[in-house]
Participant: 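Encoded as structure tokens, here's the structure I'll be asking about.
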Amino acid sequence: MWRFLSTRIAMGALTILATTVLVTLLIHAVPGDPVQIMYAQSQGTTPEQIEEVRRSLGLDRSIPVQYAMFMERLLQGDLGTTIRGGQPVLDVILQRLPNTLVLACSAMFIAIVIGIPIGFLAAYREGSLVDTGLMILAIAGISMPHFWLGLMLLFFFALELGWLPVSGNGPLNLILPALTLGLSNAAIFARLTRSSMIDVMHQDFVQTAYAKGLPKSLVLRRHVLRAGFLPVVTMMGLQFAFMMGGAIVVENIFSWNGVGRMAVEAIFQRDYPVIQGFILTFSVVVVVVAIGIDALYAVLDPRIRRA
Amino acid sequence: MSALLAVRDLSVTLRSGGEARMLAQDVSFDVARGQILSIVGESGSGKSMTAKALMGLLPPNATVSGEAWFRGANLLAKGSAPCRGTGIGLIFQEPMTALTPVLTIGTQLTEAMVVLGLADPAEARRRAIAMLDRVGIPAPDRRMRQYPHELSGGMRQRVMIAMMMLLEPEILIADEPTTALDVTVQAQILDLLRDIVRDTRIGLILITHDMGVVAETAQDVLVMKAGRTIEAGPVARIFTAPSAPYTRALLDAVPRLDRPGSSAGMVAGAAAGKTLLSAGHVSKTFHARAGLFASGLATRALDDVSLDIRQGETLALVGESGSGKSTLGRVITRLTDADHGAVTLGEENLLTLRGKSLRAARRKIQMIFQDPYASLDPRQRIGTSIAEPIAIHTTLSRAERQDRVGGLLARVGLTPEMAARYPHEFSGGQRQRIAIARALAAGPVLIVADEPTSALDVSIQAQILDLLADLKREEGLTMLFISHDLAVVRQIADRVAVMRQGRILELGPTEAVWTAARHPYTRALIDAAPVPDPTRPRGVRRPVSGDFAIGALREAALGHWVAT
Amino acid sequence: MTSLTDIPNGSAPPGFWRRMVRSSNGVVGLIIVLGLIFCAAFADLLAPYNPARMGTGGRFLPPGGKFLLGTDEFGRDMLSRILYGSRLTLLIGAVAVGISLTAGMLVGMVAAFRRGWVETLLMRSTDVLFSFTETLIALSFVAVLGPSLQNAVIAVGVAAVPFYARTCYSAALVETSKPYFEASIAAGAAPGRLVFLHLLPNVLPTMIVVATLGVSTAILAAAGLSFLGLGAQPPTSEWGYMLAGSRDYINRAPWLMTIPGLAIAITVLGFNLLGDGLRTSLDPVERR
Amino acid sequence: ADIVWARYGDIDTLDPHRATSTLSLQVWSLIYDTLLAVDADGNPVPHVAKSWTSNEAGTEYTFSLQEGVMCHDGTPLDASDVKYTIDQAFSETTPSVTKGSWGPITGAEVVDPLTIKLTLDTPFVAMIPFLADSFSSIICDSNADAEGFGTTTAIGSGPWKLISWTKGDRIVLEKNADYTNFGKLADNPGAPYEDGLIIAVVPEPQARYAALTTGEVHIAEPPFDDVPAIKDSGDLNIIVAENTGQNVFWEFAAHRPPFNDKRARLAVAHATDAATAINLIYGDLSIPEMCPVSRGVFGNDQDFCAQYRPEYDPDKSRALLAELGYSDDNPLETALLVWTGGNRQKLGEVFQAQLAEVGIKASIEIMDIGSLNARVRQENENTEGTTGSMDMMTWSWYDPDILYALWHTPGAYRGYTSPELDAILDETRVLTDPDARKAKVQEAFRYLLENAIHVPLYTPGWEWVFAVRPEVEGFKVAPFVYPIFSDVKIGG
Ligand SMILES: Nc1ncnc2c1ncn2[C@@H]1O[C@H](COP(=O)(O)OP(=O)(O)OP(=O)(O)O)[C@@H](O)[C@H]1O
Ligand SMILES: Nc1ncnc2c1ncn2[C@@H]1O[C@H](COP(=O)(O)OP(=O)(O)OP(=O)(O)O)[C@@H](O)[C@H]1O
Ligand SMILES: [Mg+2]
Ligand SMILES: [Mg+2]
Ligand code: NI
């Protein structure tokens with residue numbers, strides 16, 4: 001297990017390291033002069049000031065030196081300051097990150113709670129009308145753009161029915177965005193769970209369990225579910241990353257104050273330090289969650305736990 | 001003696017996509033206490049379906065008809081509860097997948113006893129340990145806490161048997177319980193099953209495709225083909241006087257380990273031939289890559305292997321799974337790069353060739369693979385596949401190439417018109433013939449055949465072996481023949497090399513090795529192989545112990561080398 | 001060596017069409033996709049009005065009557081806009097998938113074929129990029145290049161490259177280890193022959209399935225970017241952009257939101273179903 | 001009770017030297033005071049400075065401050081706080097982003113605690129209106145020692161105190177109980193009536209509307225297209241800001257073809273029917289504008305400007321294009337840059353369609369205002385490259401001096417400048433006599449309009465439409481879109 005986990009952690013570290021490199025290079029890929037673009041709106045900036053910014057971003061140095069500077073600051077927890085408003089990027093991000101995480105986690109929860117039972121039921125009734133119906137529902141769910149689903153939910157539950165609040169970041173406000181993100185992912189989970197469970201149900205060991213005379217419920221609960229759940233767990237890491245990505249859109253629809261909304265604003269404002277910080281944070285979160293889920297997997301699967 | 005189980009006119013129909021197929025049709029048989037009934041037949045003949053029907057484990061789209069009387073009730077009647085576990089137990093072919101990977105052995109052994117109310121957990125555990133001991137698993141206490149992946153295939157199969165026996169069924173169905181195992185292990189499992197039947201007087205239904213297994217274990221035989229019963233009767237009668245032509249064909253097709261093969265007469269001549277290819281001190285270690293930084297376990301697939309292949313002979317490589325046979329074949333064909341050693345063909349060391357010269361040299365050694373399905377590019381007409389070596393190495397025109405392909409197809413027993421078809425339009429045996437034709441197309445001096453018949457049904461296996469024997473006789477083909485099936489080897493090989501764990505333990509003329517095996521491992525291997533002769537005494541074999549000589553080869557008799 | 005005229009015309013595996021026809025999913029998907037292609041191809045003939053003309057009708061006319069799907073905030077005919085939008089949508093899907101497929105297959109096949117350090121380098125970088133997730137890559141791309149439909153399509157295409165590379169790599173790995181491939185090596189085939197005559201034709205079916213499913217992902221992703229304002233710019237009748245614009249009129253004209261959303265959903269559904277159908281038909285082992 | 005005001009976006013910072021967005025300015029005006037304030041017509045009046053004098057040459061201004069003004073931390077606001085503010089604006093290392101607008105100030109001298117004297121290099125008439133705007137918010141010098149000025153701290157002397165700012169979400173303010181109002185446009189002479197003010201960020205217009213309906217929010221910009229319905233239903237009151245000071249105009253990359261030719265610029269001007277377009281998109285919430293500065297700003301005179309602004313005349317436009325060698329086969333192609341928000345991209349679409357009528361193919365590109373500024377400047381500075389773009393530029397200012405910033409060499413966008421125009425603009429800065437200055441300012445208008453350098457389109461009202469719940473009384477919006485909350489009482 002430790003070997004398994006250590007490679008995962010090493011891989012994660014490599015990913016984050018690569019992110020730092022890409023993030024440093026990012027600003028160079030911008031067509032035109034990034035500093036000019038960033039400061040163009042402030043009428044008072046002097047050429048000296050622009051030079052100063054260039055220096056502080058290290059843009060006057062060679063790329064390796066820039067990278068070294070960037071890393072040095074990064075290791076001190078300094079992600080630079082925002083162009084709009086001149087505040088520490090780290091603060092700006094840390095203030096919003098919890099909101100995004102809460103959203104992604106609740107959506108994950110919804111996806112699991114809805115998707116896995118549906119997938120299980122469909123697998124259990126494989127080939128039946130129930131199965132077909134559920135899977136049509138699932139493929140429709142996957143095909144539905146979540147920004148559209150979000151708008152529809154907003155329209156019905158907030159505007160038409162007035163059941164749920166639409167401003168602010170309270171727990172009630174979480175319902176719609178989490179539902180939007182959760183439902184589309186529930187469809188994915190349902191399909192995954194179904195195929196994984198069907199795989200398992202067709203395996204010899206399930207037949208063996210039946211052959212022992214075990215009642216169906218026990219076979220399903222103890223043998224099918226445990227084994228069939230493992231591939232679903234491995235997918236969760238990827239799915240979480242997907243949630244984080246989806247959060248970017250959903251946050252914008254529901255005015256949820258997370259890093260996704262911040263990122264889109266920053267892109268429009270060409271606030272490169274914020275964009276850099278966002279990319280870095282995003283990949284750290286995704287990597288950490290992926291490692292966590294791998295660890296969970298390692299604990300659940302004896303083939304890895306005992307290796 | 002009245003029958004424990006009486007099956008009458010059992011039929012299974014499978015409905016899929018609007019079509020209905022009969023997978024088993026009017027199968028009838030009886031099983032009595034202490035009786036071993038063997039159901040044999042080729043792959044897909046409906047053996048497993050019959051078993052599953054009795055267990056009530058058919059897929060949802062299958063329907064069953066007929067009667068199966070057990071304990072005074074008809075198992076196949078609508079609404080009747082299946083007697084799984086305590087009535088009838090089932091053991092599957094593949095011990096790797098028949099146990100739930102995420103549960104401990106202990107849980108899996110005891111859960112049914114507890115659920116079915118046969119014992120409380122503590123009692124169940126005690127019985128489980130005792131049963132593990134009974135089926136010959138060392139340190140049963142510890143095993144209870146282990147997971148299936150921590151056990152070897154043979155042990156898992158024993159656990160399976162123990163699991164079913166703990167429920168004290170009256171009938172045990174074993175569906176090809178040894179096919180996935182090595183011969184030596186297979187023999188032990190068969191012994192175990194026989195012992196259990198003798199001691200507990202249960203009825204055993206043993207499903208197999210191997211006539212050798214039948215002859216060694218069963219009292220009665222049921223031969224099936226395409227869902228129908230071809231013939232049924234006591235084993236002695238079936239083997240001595242089969243009434244159905246199919247049964248006879250099945251028996252004829254089985255290579256007999258206990259009789260010398262047809263090629264044996266050529267031994268003397270071939271042995272005199274000059275050395276064609278010689279492998280010297282070849283070693284290969286595989287490093288299983290566990291990840292980016294962690295390097296996984298190393299497997300020594302070949303450990304300082306040396307051998308010569310003589311012009312015109314068939315050298316067989318035998319050994320258990322994982323012993324390195326394929327690796328050696330692949331090193332010789334340069335499909336795998338060796339770590340050390342040399343393979344010389346004529347003056348050339350094949351292992352040092354690269355680029356163009358390697359490609360040019362490749363035509364001299366061709367390979368025939370085990371899996372005929374995967375051996376041909378599914379998206380090429382077989383004519384194109386066969387012509388490929390010709391296209392690469394010659395400047396023949398398209399028409400000339402077609403001629404050559406036609407000739408080759410005829411040579412392997414197909415017709416030239418078939419060149420325009422795609423692989424999926426052929427049967428397995430035909431595909432293997434095509435693969436052989438392609439190997440011949442290059443005009444090789446040596447053919448490496450890696451278990452070319454083990455994926456085929458027995459009747460077809462015999463035809464392919466005959467073809468290879470013909471080619472050898474008529475074209476003077478030199479062949480390195482890899483197999484784990486000793487009977488096959490005896491039929492076709494001039495000389496045999498026995499491998500284990502990457503080393504050659506014994507090497508000598510086939511007959512000499514068979515009749516006077518010098519290495520204990522070789523002897524165990526020969527002992528364990530089932531012999532399709534029910535009249536042979538069925539003795540209990542000792543397991544192969546791990547400690548024997550694996551040192552350098554020494555010539556014990558003329559041309560007969562044994563590890564020291 | 002032979003000329004490439006020897007390239008066989010690959011055949012579908014046995015029973016492909018039978019299975020395809022029997023997979024009702026695949027058939028429905030095929031019908032939707034064909035319908036879409038039809039709409040796109042004949043948008044000029046089918047569209048009753050000029051999609052960009054303002055004031056064709058009154059503003060915010062509800063669906064029905066002269067304007068089958070109503071009019072938008074400028075009085076443009078929604079039906080015409082949706083029809084022309086199908087053109088863009090298909091183009092977006094095709095270009096993005098084209099980018100991912102080409103680059104992904106190149107990387108995947110080279111890695112599987114060359115092995116050694118090339119393989120390690122390519123696949124490890126792919127792994128790293130893969131864990132970045134597509135959204136992030138696409139967003140970074142747009143952040144650098146600036147919002148425009150073109151950039152969004154490139155971003156979506158590039159973002160999916162790691163996935164295609166991985167899939168192609170594992171498919172190619174399976175093929176290269178198959179005996180027929182090794183037999184070809186053993187026959188002395190040169191790399192070009194191996195790659196173009198054996199590897200490519202055998203990897204292609206898998207990649208076609210992946211690409212079909214990928215079209216739906218790409219369309220969704222590009223529409224998502226347009227929705228955020230990071231993709232299509234006015235007056236394009238890109239569906240995601242139309243959807244974004246409709247937000248202001250949810251109360252007044254809900255159909256402005258419903259119709260483009262439905263259009264995206266049906267299109268994506270079509271490609272998903274088709275991909276599913278192709279997969280089950282190409283791969284008899286895979287259970288639905 | 002707390003007043004809840006929802007807006008589409010957040011402030012950039014609480015430090016008035018670090019940003020220029022209207023969203024930020026509106027909040028600063030609540031937290032900070034300014035030396036001067038504006039009356040309902042937009043004219044500067046005394047506020048924290050009870051009076052001021054200047055020398056003959058107009059290079060020295062002396063302000064005497066009100067007594068007893070207190071900063072939120074309890075320290076008195078005096079001349080040193082004003083000096084601190086100005087010093088910060090001209091800081092060597094981190095000058096204000098609006099440093100240019102402070103004018104040629106060379107020194108600030110504390111004469112006595114209640115008197116401050118500013119010295120200027122050259123006369124600068126626009127300084128007085130500038131000091132009435134929140135750009136010049138007085139930053140109490142105690143901020144120098146405070147932790148996190150601009151993010152977690154903002155010590156001012158305005159009617160509301162900062163409690164907290166959650167970025168992207170909300171700003172929580174509490175009433176300044178000690179407040180005295182000297183000149184701000186509020187009837188209330190003292191502290192606000194309500195206890196607190198919450199400024200929430202709700203980007204989706206529909207969400208704001210829903211929140212208004214449910215009562216979660218008291219005041220917010222409604223979705224523009226629902227305004228007529230809201231008005232009809234009468235559930236909410238609609239208040240439209242007047243004298244917003246904002247001016248939206250055609251601006252061109254005048255150093256690149258085709259817009260280096262006056263005729264091309266005129267062709268665009270003649271091709272656009274602003275009145276119709278605005279009416280289509282904004283209804284009666286925005287009004288067409290004839291002058292280069294907006295209504296309420298010194299010098300604005302619709303009738304005067306209408307004489308010179310190129311009128312809507314597609315035929316004239318086509319003729320000009322033909323003269324330039326363009327035709328249907330060879331249309332004038334350009335990029336139409338629009339900055340995000342305020343439904344501007346919709347308006348852009350309408351203009352795009354109008355331009356298409358005369359055969360101008362304009363492709364819309366939407367970008368942030370910062371990127372837009374940079375893009376225009378880049379095109380002007382680097383004249384190689386392809387065709388130049390045109391854009392819907394927006395500026396809001398309280399004084400015609402904005403024209404100096406925009407069009408006096410080198411010009412904010414390095415765009416069109418000429419010695420002739422420079423001379424006119426120079427004079428608008430130094431003429432102290434209002435009538436003389438007005439004449440000069442209008443001369444500048446005429447020059448800009450005739451040469452189609454600055455083609456006014458409209459004065460936006462829509463972003464500054466406020467829907468107010470019926471129980472809210474006393475809400476008003478001062479010129480230049482500063483909402484006033486001191487008078488607000490929440491009834492019911
Ligand atoms: N679940 C299933 N769905 C459809 N067809 C099936 C299924 N299981 C088995 N079959 C088909 O039923 C036929 C009989 O299968 P069965 O498993 O009984 O053969 P068998 O004699 O046990 O063969 P083998 O030696 O390969 O195990 C075969 O043609 C097989 O393809
Ligand atoms: N490509 C490979 N990577 C890692 N290990 C390998 C590889 N190929 C073979 N091995 C290992 O090398 C050992 C010898 O394998 P080989 O295939 O030569 O055995 P074999 O005698 O042909 O067995 P079988 O009868 O099962 O075909 C095995 O332990 C196998 O797991
Ligand atoms: Mg079977
Ligand atoms: Mg092998
Ligand atoms: Ni060596």
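Below, read A as the first sequence line, B as the second, and so on, with proteins coming before strands; counting in each chain starts at 1. Just so you know, these numbers use all the heavy atoms, side chains as well, and skip hydrogens, waters and symmetry mates.
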Participant: In the structure I gave you, are the side-chain heavy atoms of P205(C) and R379(B) within less than 4.5 Å of one another anywhere?
Facilitator: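 In short, these two side chains touch, coming nearer than 4.5 Å.
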
Participant: Indicate the atoms forming the closest heavy-atom contact of S184(C) with E388(B), along with that distance.
Facilitator: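 Result for this residue pair: OG-OE1, 2.6 Å.
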
Participant: Mind listing the closest non-hydrogen atom pair of F369(B) and E182(C) along with its distance?
Facilitator: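 The pair with the smallest heavy-atom distance is CE2-OE1, 3.6 Å.
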
Participant: With a sphere of 6.0 Å drawn around CZ of R363(B), does it hold more than 12 non-hydrogen atoms of other residues, nucleotides or ligands?
Facilitator: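 More than 12 within 6.0 Å, yes.
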
Participant: Taking the side chain as everything from C-beta on, heavy atoms only, tell me whether K178(C) gets closer than 4.5 Å to D377(B).
Facilitator: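 No, every pair of side-chain atoms sits at 4.5 Å or beyond.
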
Participant: Chain C heavy atoms under 4.5 Å from S375(B): which part of the residue, side chain, backbone, both or neither?
Facilitator: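 S375(B) touches chain C through backbone and side-chain heavy atoms alike.
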
Participant: What part of A374(B) lies closer than 4.5 angstrom to a heavy atom of chain C: side chain, backbone, both or neither?
Facilitator: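 A374(B) touches chain C through backbone and side-chain heavy atoms alike.
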
Participant: State, to 0.1 Å, how close P191(C) and R359(B) come at their nearest heavy-atom pair, and which atoms those are.
Facilitator: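 Closest approach of P191(C) to R359(B): CD-NH1, 3.7 Å.
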
Participant: May I ask you to decide if I185(C)'s main-chain N or O and R362(B)'s side chain share a donor-acceptor pair within less than 3.5 Å?
Facilitator: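 Yes; judged by distance alone, with no hydrogens or angles, the pair exists.
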
Participant: Provide the closest heavy-atom pair for P378(B) versus N202(C) in the form atom of the first, atom of the second, distance.
Facilitator: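 Heavy-atom minimum between the residues: CG-OD1, 3.2 Å.
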
Participant: Nearest 0.5 Å please: distance from the CG atom of L335(B) over to the CZ atom of F181(C).
Facilitator: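 That separation rounds to 10.5 Å.
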
Participant: Check R193(C) against A391(B) and note the closest heavy-atom contact, atom names and distance.
Facilitator: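 So the two residues come closest at NH2-CB, 4.2 Å.
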
Participant: Does any heavy atom of chain C fall under 4.5 Å from the side chain of I390(B), the backbone, both, or neither of them?
Facilitator: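 Contact with chain C: none, neither part.
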
